[in-house]
**Student:** 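For reference, the structure I am asking about is given below.
Just so you know, these numbers come straight off a predicted model, no measurement behind them. In what follows, chains are A, B, ... by sequence order, proteins preceding strands, each numbered from 1.
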Number of protein chains: 4
Amino acid sequence: MKHNLLKGKRGIIFGALNDMSIAWKVAERAVEEGAIITLSNTPVAVRMGDTDTLGKKLNAEILPADATNVEDLEMVFSKSMEILGGKIDFVLHSIGMSPNVRKKRTYDDLDYNLLDKTLDVSAVSFHKMLQVAKKMDAISTGGSVVALTYVAAQRVFYGYNDMADAKALLESITRSFGYIYGREKGVRVNTISQSPTMTTAGSGVKGMLDLLDFSERMSPIGNADADDCADYCIVMFSDLTRKITMQNLYNDGGFSSMGMSIRAMRQYSNGLEDEKEEDENVIYG
Amino acid sequence: MKHNLLKGKRGIIFGALNDMSIAWKVAERAVEEGAIITLSNTPVAVRMGDTDTLGKKLNAEILPADATNVEDLEMVFSKSMEILGGKIDFVLHSIGMSPNVRKKRTYDDLDYNLLDKTLDVSAVSFHKMLQVAKKMDAISTGGSVVALTYVAAQRVFYGYNDMADAKALLESITRSFGYIYGREKGVRVNTISQSPTMTTAGSGVKGMLDLLDFSERMSPIGNADADDCADYCIVMFSDLTRKITMQNLYNDGGFSSMGMSIRAMRQYSNGLEDEKEEDENVIYG
Amino acid sequence: MKHNLLKGKRGIIFGALNDMSIAWKVAERAVEEGAIITLSNTPVAVRMGDTDTLGKKLNAEILPADATNVEDLEMVFSKSMEILGGKIDFVLHSIGMSPNVRKKRTYDDLDYNLLDKTLDVSAVSFHKMLQVAKKMDAISTGGSVVALTYVAAQRVFYGYNDMADAKALLESITRSFGYIYGREKGVRVNTISQSPTMTTAGSGVKGMLDLLDFSERMSPIGNADADDCADYCIVMFSDLTRKITMQNLYNDGGFSSMGMSIRAMRQYSNGLEDEKEEDENVIYG
Amino acid sequence: MKHNLLKGKRGIIFGALNDMSIAWKVAERAVEEGAIITLSNTPVAVRMGDTDTLGKKLNAEILPADATNVEDLEMVFSKSMEILGGKIDFVLHSIGMSPNVRKKRTYDDLDYNLLDKTLDVSAVSFHKMLQVAKKMDAISTGGSVVALTYVAAQRVFYGYNDMADAKALLESITRSFGYIYGREKGVRVNTISQSPTMTTAGSGVKGMLDLLDFSERMSPIGNADADDCADYCIVMFSDLTRKITMQNLYNDGGFSSMGMSIRAMRQYSNGLEDEKEEDENVIYG
């Protein structure tokens with residue numbers, strides 16, 4: 001599926017760990033569409049993950065960096081411009097992590113130092129990225145920046161914990177900075193709100209399979225996967241979406257507009273102790 | 001629970017059929033809080049329902065009227081002002097009906113004459129009510145008008161059918177007319193979006209019990225019932241909410257802000273064929 | 001800007017009147033991207049407008065039809081499949097008209113027969129289009145349907161009148177039918193909510209210039225024009241957005257996420273009688 | 001306006017500085033409605049402000065505390081229960097401050113230590129308050145907690161700066177904790193999104209007067225003031241709103257549902273260099 005949508009464009013992809021990562025797919029698709037890119041991830045992730053393999057495959061330099069560290073981000077933008085030969089046209093922020101979840105702290109027993117870390121890594125890092133880029137004038141006029149988010153920023157999903165708050169903060173930063181960067185440089189800043197996706201982070205988590213099942217049955221077209229998300233990112237990086245900014249864009253098979261589907265309700269009803277008749281004619285009186 | 005919140009106020013309640021009706025409870029509570037009221041419903045509903053009983057109990061005159069008929073509405077406002085001795089302070093619109101649902105037409109096989117009827121009865125009637133009232137200058141400065149709606153206006157619930165579209169239209173009319181009536185007379189116009197409620201309309205419908213169960217388990221504080229809704233209406237009719245207008249107000253135990261609760265998910269997972277472990281630490285990666 | 005995004009796809013474009021029309025631009029771009037199409041508009045519009053010119057230019061057959069008439073719509077889908085040689089992959093609904101606005105009826109003095117017409121032409125026509133297509137199984141699996149809307153469906157713009165309600169209804173139909181068509185055929189149904197655009201309808205209207213000015217200064221990247229909208233439509237018709245459905249997508253330079261921009265506020269403040277100092281550090285206490 | 005809506009209830013009011021403060025009005029109205037309360041504010045605010053005066057007037061003990069400090073919050077809840085003789089029924093969080101705004105750091109030049117402080121004081125403090133209360137089981141079943149917010153959490157207002165992000169975070173915490181506290185104790189957690197209000201914080205800020213003017217002309221019923229907000233808080237603390245939770249409730253004269261009013265547009269148009277005709281019939285074509 002090659003359309004040369006990003007021909008001649010330069011991009012930075014943050015957060016590609018392995019071939020289950022959404023960022024991995026985005027990197028592959030970006031190059032397929034004609035872009036040249038650099039990859040960035042934390043030093044630990046670079047050591048532990050397969051980023052090297054991806055870098056070789058895509059002929060993309062890897063720039064290890066802590067996205068919460070302003071100096072590291074300056075280095076990433078500076079080196080990327082040097083390597084790629086000019087200002088950056090697009091950036092992907094696919095970064096999120098909750099140490100409270102890792103430590104199994106429930107939401108009513110948060111460790112506040114860990115909450116700071118959740119917010120810093122998952123949301124404030126996006127502000128830092130944008131502020132650094134703008135101060136360096138590193139993104140070209142009309143460029144495009146995308147961060148990944150989840151519908152938990154709007155509605156509560158049990159167990160998503162302080163990541164929900166981080167995503168809400170991320171989406172607010174998107175609007176706030178999108179105003180300034182749009183006004184001054186025509187740079188678009190948006191989030192894509194993706195179906196739950198079986199990445200490395202997700203796959204290790206108990207309960208994920210049931211959430212995926214529920215989400216799949218609720219979504220009329222089914223869950224969007226990492227490939228679908230990569231396609232959406234390409235579209236948002238391209239020149240075909242130059243006036244779209246400060247938006248939260250759902251890529252979720254329709255989940256976000258659903259209250260209850262017949263498929264999910266059948267499953268739910270199966271779980272009710274006493275079997276009851278069901279049909280498609282529920283009405284609220 | 002008497003607080004004299006509506007002392008000296010005059011109101012019209014549309015849509016009280018029997019003691020399961022939300023409008024019935026609102027009428028009772030309004031009188032309890034010191035208001036004097038009239039009741040209106042369709043001639044058929046007045047004949048078939050228990051409105052008479054309510055009228056006697058509350059010492060409220062009953063004005064049979066078709067809410068889709070402008071002349072009937074003029075009569076209701078005119079007579080109500082005469083009976084109650086002055087301009088009207090509050091109005092409840094609790095009117096909705098889908099002949100497509102009754103005829104078991106699915107949403108992809110609508111009869112368009114019936115759709116017109118659904119929209120006219122359930123939504124346009126509200127515009128007519130407001131336009132008639134404004135032309136007659138029948139609502140006092142700072143008065144309050146409330147219509148009942150459901151979250152299906154925002155998210156799709158299978159089987160709710162063309163009522164969802166009617167509710168979306170109703171909520172838009174609320175904003176559009178709320179702007180004009182607020183600007184010119186300080187009259188508030190709002191909708192209350194209520195949990196699914198076991199009224200006469202609802203109780204006859206198959207599938208309703210499962211929806212109620214799902215909604216109850218999704219809502220942290222549980223479904224709001226007709227009494228809860230009546231309390232909210234009283235509050236909105238009172239002088240304590242004079243700057244609240246053009247809003248859609250959820251009275252739903254938190255349902256509208258939920259994506260998935262642990263209680264609902266347990267039930268859902270019970271329905272999955274193979275039992276799987278579950279816990280409260282789902283995270284999206 | 002040719003990317004072959006619609007290569008081999010068949011489409012129907014409703015509503016191209018002249019070269020100011022958004023639908024006109026969409027038709028041109030669709031063909032440029034490799035699609036073959038038919039054009040449809042009302043018989044009057046076909047006679048009065050320049051649709052013929054467009055048809056010749058794009059080698060596209062013109063099918064005059066009243067989009068509120070089910071038989072006409074059946075003809076359009078039937079002939080389009082015949083002419084284009086297979087099922088339809090994408091459809092654009094760019095249809096809207098308020099006889100109340102034309103007759104200068106204000107929103108608190110609506111003619112209800114005209115309101116019915118506004119709703120039928122601008123919103124219910126979309127349901128008819130979808131229902132006809134689904135019954136005829138005229139849209140291919142994974143196809144894409146887009147209707148154009150405006151942010152007045154969410155927020156009141158004075159003078160937009162009953163078109164606001166029509167757009168709210170249109171967006172609800174998008175969700176309701178999107179659920180069913182997605183579930184059964186993977187067909188996407190979305191709306192694009194466009195900046196105010198100087199089309200024939202808009203250009204004849206007093207006050208439009210000030211709204212355009214306000215909207216331009218509020219939107220960080222400025223108003224989106226018809227070309228921008230055409231690009232977004234192409235993207236939504238393409239295979240790159242297969243999981244996006246039941247969404248209202250803003251193409252508006254950021255307007256929908258703005259409360260007040262410094263540029264618009266400067267203009268507004270100029271209009272205040274007494275000059276006051278201003279800066280960018282307003283804060284709510 | 002005494003209705004005994006809070007008779008026998010115990011409350012804590014955070015953030016009453018002086019008689020311009022919203023929290024001040026809420027405290028007065030709460031006592032007027034029959035509640036007994038304690039007041040809390042930072043030690044500095046207690047020294048500098050008029051909290052003492054209020055405490056004497058309302059016979060309410062003052063508990064100086066830093067709301068970002070868990071131990072301080074434990075003290076406030078512990079002492080309040082002791083002083084008031086039982087569990088707490090309602091809590092108001094009226095706390096917000098941006099050191100970035102104070103230091104005139106623009107949003108694209110934030111100091112990240114100050115951003116941490118903005119988030120901690122204005123948003124995370126609310127989580128701490130709720131977590132402390134829940135761990136101590138300090139709020140009675142069915143209790144009610146309200147925090148104050150602003151529409152900048154949804155739409156960008158130039159100059160509101162990182163307070164917008166803090167408010168978005170605050171509203172997310174409201175939903176996230178509302179789920180848990182509702183599920184386990186029936187405790188409601190909501191935000192009230194208030195019109196811009198001329199409090200001490202606001203009054204010192206340049207540009208505020210123009211924002212107030214714009215907001216007043218956009219809002220059909222005009223800006224809500226501190227007294228209006230106090231009334232809404234009373235309603236939310238009362239037993240009349242027991243199923244309302246996890247909501248963001250606008251108290252703003254309709255501003256949040258407005259796109260452009262005729263009154264604001266007239267003012268705006270005055271500011272345009274060349275005078276143009278205007279009328280109320282703008283339509284989007």
Side-chain angles (χ1 to χ4, degrees), chain C residues 20-21 96 98 101 104 106 150-152 154-161 163 167 194 196-211 213-215 220 254 256-273 276-285, chain D residues 20-21 96 98 101 104 106 150-152 154-161 163 167 194 196-211 213-215 220 254 256-273 276-285:
Chain C
M20 299 171 78
S21 308
S98 164
V101 170
K104 298 193 182 297
T106 58
Y150 183 49
V151 65
Q154 281 75 41
R155 305 182 204 162
V156 177
F157 288 75
Y158 78 91
Y160 198 68
N161 211 310
M163 277 303 290
K167 292 302 195 189
Q194 169 72 2
T197 310
M198 193 49 96
T199 59
T200 297
S203 64
V205 175
K206 286 197 276 183
M208 182 65 174
L209 287 175
D210 285 7
L211 181 64
D213 182 282
F214 173 69
S215 183
S256 51
S257 292
M258 289 301 303
M260 186 37 99
S261 71
I262 181 74
R263 284 196 296 170
M265 197 58 173
R266 281 202 181 115
Q267 194 52 59
Y268 182 84
S269 299
N270 282 345
L272 293 175
E273 291 154 322
K276 305 196 199 76
E277 273 189 296
E278 55 181 333
D279 72 0
E280 307 206 6
N281 286 306
V282 172
I283 184 171
Y284 163 75
Chain D
M20 300 172 76
S21 308
S98 164
V101 170
K104 298 193 182 299
T106 58
Y150 183 49
V151 65
Q154 282 74 41
R155 305 182 203 162
V156 177
F157 289 76
Y158 79 92
Y160 198 68
N161 211 309
M163 277 303 291
K167 291 302 194 189
Q194 169 72 3
T197 309
M198 194 49 95
T199 59
T200 297
S203 64
V205 175
K206 286 198 275 182
M208 182 66 174
L209 287 175
D210 285 7
L211 180 64
D213 182 283
F214 173 69
S215 182
S256 51
S257 293
M258 289 303 302
M260 188 35 102
S261 71
I262 182 73
R263 283 196 296 169
M265 196 59 173
R266 280 201 182 118
Q267 193 52 60
Y268 182 83
S269 299
N270 283 346
L272 293 175
E273 289 155 323
K276 304 195 200 77
E277 273 188 297
E278 57 180 331
D279 73 359
E280 306 206 6
N281 286 305
V282 172
I283 184 174
Y284 164 74

**Student:** So D:Y268 and C:F214, would you call those rings parallel, tilted or perpendicular, with 30° and 60° as cut-offs?
**Tutor:**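 Rings of D:Y268 and C:F214: perpendicular, as their planes differ by over 60°.
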**Student:** Between C:P220, C:S261, C:G96, C:S21, which has the largest tally of heavy atom pairs under 4.5 Å with chain D?
**Tutor:**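 Of C:P220, C:S261, C:G96, C:S21, C:S261 has the most heavy-atom pairs under 4.5 Å with chain D.
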**Student:** Quick check for you: to the nearest 0.5 Å, what is the distance between C:D210 atom CG and D:M265 atom CE?
**Tutor:**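 CE of D:M265 is found 4.5 Å from CG of C:D210.
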**Student:** How many angstroms lie between CZ in C:R263 and OH in D:Y158, if you round to the nearest 0.5 Å?
**Tutor:**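 Between atom CZ of C:R263 and atom OH of D:Y158 there are 13.5 Å.
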